[in-house]
Amino acid sequence: MGYSDQRFNVNLSILFTELPLLERPAAAAAAGFTAVELWWPWVDAPTPEQSELDALRAAITDAGVQLVGLNFYAGQLPGPDRGALSIPGEESEKFRANLSVAADFAQSLGCKALNALYGNRVEGVDPAVQDELALENLAAAAREADRVGAILLIEALNKPESPRCPIVSAPTAIAVVDKVNSATGLGNAKFLMDLYHLSMNGEDLPAVIDQYVAQTGHVQIADNPGRGAPGTGSLPLEELLDQLRKAGYEGYVGLEYKAGDRPSAEAFGWLPAAD
């Protein structure tokens with residue numbers, strides 16, 4: 001098996017960011033990729049102008065790449081925020097306003113996975129109040145995803161880099177997945193298994209794969225330490241991805257790593273050469 005047996009897609013919100021957004025899909029295609037994923041690209045606009053949505057759709061279509069993952073609005077990302085859906089007030093209102101916009105955009109490109117980042121704890125707000133709001137918003141997100149034939153992804157981040165986010169372990173994320181599915185009855189909430197974040201938490205990655213692969217809707221990777229390309233750190237990513245495949249995961253693996261001080265196009269030397 002090995003890397004040659006995986007389906008990789010490139011995250012255009014962390015790679016190729018040296019280029020304007022509309023040039024990144026073509027750059028990914030030129031680097032040999034046929035699929036891409038994105039964080040919500042308009043950090044200040046949960047409901048951007050239709051012309052902006054149309055321009056990005058055209059850039060993806062013209063490049064001949066498939067959009068396989070899209071985040072709902074999540075605030076300033078990258079930046080201080082870790083999501084918006086559990087933040088009372090304006091941020092959760094922005095999240096709700098974004099739901100149909102993001103879902104419709106995903107549907108227009110055949111994207112079948114929408115990621116909803118939970119958000120940070122807010123000082124002075126009861127965590128139980130935030131969790132109640134989060135479940136309400138996640139249920140709404142699951143219904144929007146279902147409307148367009150997509151799954152809803154719920155991701156565990158890592159505590160060292162996201163100390164105020166409560167979803168920082170695989171079991172915690174899975175518990176949220178189960179709550180959302182129970183609330184909606186749709187069964188379309190799935191776990192986003194990011195091996196970099198889980199490794200930063202010190203979790204037993206082979207055990208996580210064994211236990212949660214059936215509930216996993218998408219996988220993302222970066223090496224650790226450093227969040228760089230495979231081979232720049234010490235994670236046995238090839239072995240872990242092999243384990244995932246053998247356990248039944250057949251989806252894409254998102255490359256969500258940093259290129260470092262080189263152009264992104266030079267950050268794929270670890271990939272097997274195409275036949």
*Step by step, would you call His218 with Met193 a side chain to side chain contact (heavy atoms under 4.5 Å, CB included)?*
CA-CA 6 Å; His218 188 52; Met193 184 186 292; over 6 Å; no

Could you grab the distance from atom [atom1] of [X] to atom [atom2] of [Y], nearest 0.5 Å is fine?
{"X": "Asn11", "Y": "Leu255", "atom1": "CG", "atom2": "CG", "value": "8.5 Å"}
{"X": "Thr216", "Y": "Ile209", "atom1": "OG1", "atom2": "CD1", "value": "8.5 Å"}
{"X": "Arg57", "Y": "Leu22", "atom1": "CZ", "atom2": "CG", "value": "12.5 Å"}
{"X": "Leu192", "Y": "His197", "atom1": "CG", "atom2": "NE2", "value": "8.5 Å"}
{"X": "Leu85", "Y": "Lys94", "atom1": "CG", "atom2": "NZ", "value": "14.5 Å"}
{"X": "Asn9", "Y": "Thr34", "atom1": "CG", "atom2": "OG1", "value": "8.5 Å"}

Where [X] and [Y] come nearest, the two heavy atoms and their spacing:
{"X": "Val168", "Y": "Ser162", "answer": "CG1-O, 4.0 Å"}
{"X": "Ser92", "Y": "Asn137", "answer": "CB-ND2, 3.5 Å"}
{"X": "Ala45", "Y": "Pro48", "answer": "O-CD, 3.5 Å"}
{"X": "Gly251", "Y": "Arg7", "answer": "CA-NH2, 3.7 Å"}
{"X": "Ala150", "Y": "Cys111", "answer": "CB-O, 4.2 Å"}
{"X": "Ala84", "Y": "Gly75", "answer": "CB-N, 4.4 Å"}

*Give the intermediate values and the outcome of side chain to side chain contact (heavy atoms under 4.5 Å, CB included) for residues Asn71 and Leu38.*
CA-CA 6 Å; Asn71 283 17; Leu38 279 164; over 6 Å; no

[X] side chain to [Y] main-chain N or O, any donor-acceptor pair under 3.5 Å?
{"X": "Thr232", "Y": "Ala229", "answer": "yes"}
{"X": "Asp81", "Y": "Gln76", "answer": "yes"}
{"X": "Asn98", "Y": "Pro46", "answer": "yes"}
{"X": "Tyr249", "Y": "Tyr252", "answer": "yes"}
{"X": "Asp223", "Y": "Gly231", "answer": "yes"}
{"X": "Glu155", "Y": "Asp194", "answer": "no"}
{"X": "Gln130", "Y": "Ser86", "answer": "yes"}
{"X": "Gln220", "Y": "Gly254", "answer": "no"}

Path from [X] to [Y] over hydrophobic side-chain contacts below 4.5 Å:
{"X": "Leu70", "Y": "Val43", "result": "no"}
{"X": "Val213", "Y": "Ile221", "result": "yes"}
{"X": "Leu99", "Y": "Leu133", "result": "no"}
{"X": "Leu237", "Y": "Ile14", "result": "yes"}
{"X": "Leu21", "Y": "Val65", "result": "yes"}

Determine whether [X] and [Y] make a side-chain contact, defined as any pair of heavy atoms from C-beta on separated by less than 4.5 Å.
{"X": "Leu12", "Y": "Val10", "result": "yes"}
{"X": "Gln215", "Y": "Ile174", "result": "yes"}
{"X": "Arg143", "Y": "Thr184", "result": "yes"}
{"X": "Val101", "Y": "Trp42", "result": "no"}
{"X": "Val180", "Y": "Leu135", "result": "yes"}
{"X": "Tyr257", "Y": "Pro230", "result": "yes"}
{"X": "Pro127", "Y": "Pro166", "result": "no"}
{"X": "Val36", "Y": "Pro25", "result": "no"}

*asked:* Thr172 and side-chain contact (heavy atoms from CB on, under 4.5 Å): which single residue from Val177, Ile167, Asn201 fits?
replied: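 It is Ile167, the one option of Val177, Ile167, Asn201 that forms the side-chain contact (heavy atoms from CB on, under 4.5 Å) with Thr172.
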
Would you say the side chains of [X] and [Y] form a donor-acceptor pair under 3.5 Å?
{"X": "Asn224", "Y": "Ser199", "result": "yes"}
{"X": "Ser264", "Y": "Glu18", "result": "yes"}
{"X": "Glu37", "Y": "Asn115", "result": "no"}
{"X": "Tyr196", "Y": "Glu161", "result": "yes"}

*Test applied, ring-ring contact (aromatic ring centres under 6.0 Å, His included); reference residue, Phe95; option that passes from Tyr118, Phe72, Tyr73*: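 So the option named by the test is Phe72.
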
*Do Leu198 and Asn158 pass the side chain to side chain contact (heavy atoms under 4.5 Å, CB included) test, and can you show the C-alpha distance, the side-chain angles, and the key distance before you say yes or no?*
CA-CA 6 Å; Leu198 301 179; Asn158 74 77; over 6 Å; no

Count the heavy atoms of every other residue, nucleotide or ligand shown that sit under 6.0 Å from [atom1] of [X], and state whether that count exceeds 12.
{"X": "Glu52", "atom1": "CD", "answer": "yes"}
{"X": "Glu90", "atom1": "CD", "answer": "no"}
{"X": "Glu23", "atom1": "CD", "answer": "yes"}

*Does the pair Arg245 and Asp242 meet the rule for a salt bridge (charged side-chain N to carboxylate O under 4.0 Å, His left out), with working shown?*
CA-CA 5 Å; Arg245 290 281 285 200; Asp242 276 353; over 6 Å; no

*Of all pairs that satisfy salt bridge (charged side-chain N to carboxylate O under 4.0 Å, His left out), the ones with a partner from residues 247-266, not counting sequence neighbours*: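 Counting only pairs at least two positions apart or across chains, the salt bridge (charged side-chain N to carboxylate O under 4.0 Å, His left out) contacts touching residues 247-266 are Arg227-Glu256.
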
*Those residues that, when tested against Trp39, pass ring-ring contact (aromatic ring centres under 6.0 Å, His included) (two or more places apart)*: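 If we apply the ring-ring contact (aromatic ring centres under 6.0 Å, His included) test to Trp39, skipping adjacent residues, there are no hits.
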
*Can Asp131 and Arg121 be counted as an ion pair, charged N to O under 4.0 angstrom?*
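Salt bridge present between Asp131 and Arg121.
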
*So Arg147 and Asp104, salt bridge (charged side-chain N to carboxylate O under 4.0 Å, His left out) or not? Walk me through it.*
CA-CA 9 Å; Arg147 177 179 67 82; Asp104 287 345; 2.7 Å; yes

*Given ring pair (Phe, Tyr, Trp, His ring centres under 6.0 Å), test Phe268 with Phe8 step by step and report yes or no.*
CA-CA 11 Å; Phe268 307 111; Phe8 292 109; 9.8 Å; no

*Please go through Val125's hydrophobic cluster and name the other residues, only I, L, V, M, F, W, Y counting, with side-chain heavy atoms under 4.5 Å joining them.*
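So far as hydrophobic clustering goes, Val125 is joined with Ile87, Val122, Val129.
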
*Could you please spell out the steps behind the side chain to side chain contact (heavy atoms under 4.5 Å, CB included) verdict for Leu241 and Tyr3?*
CA-CA 8 Å; Leu241 294 180; Tyr3 289 140; 4.0 Å; yes

